[in-house]
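Being a predicted model, the structure only gives us computed values, none of them experimental.
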Amino acid sequence: MSKKTKALVYNLIGFAIIFFAVRFAVATFTTLTGLWIPLIAFIVGTVLAPKFQAVATKDGEKLFMKWIFAKGIKEV
């Protein structure tokens with residue numbers, strides 16, 4: 001599996017976990033109904049999910065992560 005594919009899969013998994021957790025919490029603890037529940041979960045998931053990116057360096061392709069809760073950019 002290439003690093004770009006891994007980055008895509010990690011981005012999807014990170015977003016999905018946060019999206020479903022927030023969607024459940026919003027549906028359970030608020031009175032929102034209809035389209036508002038997934039819309040709020042999408043916005044929160046987009047902001048809070050970690051971002052992964054594959055970058056070609058002189059040492060080869062590397063996978064990096066940036067997250068709002070982690071300081072700086074980390075190599076995975």
Do I13 and I17 make a side-chain contact, defined as non-hydrogen atoms from C-beta onward lying under 4.5 Å apart?
yes
Where is the tightest heavy-atom contact between K74 and K71, given as atom of each residue plus distance?
NZ-O, 3.4 Å
Any non-hydrogen side-chain atom of W36 less than 4.5 Å from a side-chain atom of T30?
no
Would V26 end up clustered with I43 when hydrophobic side chains under 4.5 Å apart are linked, directly or stepwise?
yes
Hey, quick one: are M1 and V55 part of the same hydrophobic cluster, counting side-chain heavy atoms closer than 4.5 Å, chains of contacts allowed?
no
Are the side chain of W67 and the backbone N or O of I73 linked by a donor-acceptor pair below 3.5 Å?
no
Grab the two heavy atoms, one from A7 and one from A54, that are nearest each other, plus how far apart they are.
CB-N, 4.1 Å
P38 and R23 have their tightest heavy-atom pair at CB-NE, 4.0 Å
Closest contact, heavy atoms only, N11 versus F52:
OD1-N, 2.8 Å
Residue pair K3 / L63: nearest heavy atoms and the distance that separates them:
O-CD1, 3.8 Å
Check whether Y10 and F64 end up in the same hydrophobic cluster, where Ile, Leu, Val, Met, Phe, Trp and Tyr are linked by side-chain heavy atoms less than 4.5 Å apart.
no
Donor-acceptor pair, side chain of K51 and main chain of A49, under 3.5 angstrom
yes
Same apolar cluster: V22 and V47, side chain cutoff 4.5 Å:
yes
Within a reach of under 6.0 Å around NZ of K66, are more than 12 heavy atoms found that belong to other residues, nucleotides or ligands?
no
Is any side-chain heavy atom of K4 closer than 4.5 Å to one of E61?
yes
Consider only side-chain heavy atoms of I, L, V, M, F, W and Y, link residues closer than 4.5 Å, and tell whether I40 and F20 are in one cluster.
yes
Which heavy atom of I18 sits nearest to which heavy atom of P50, and what is that distance?
CD1-CD, 4.4 Å
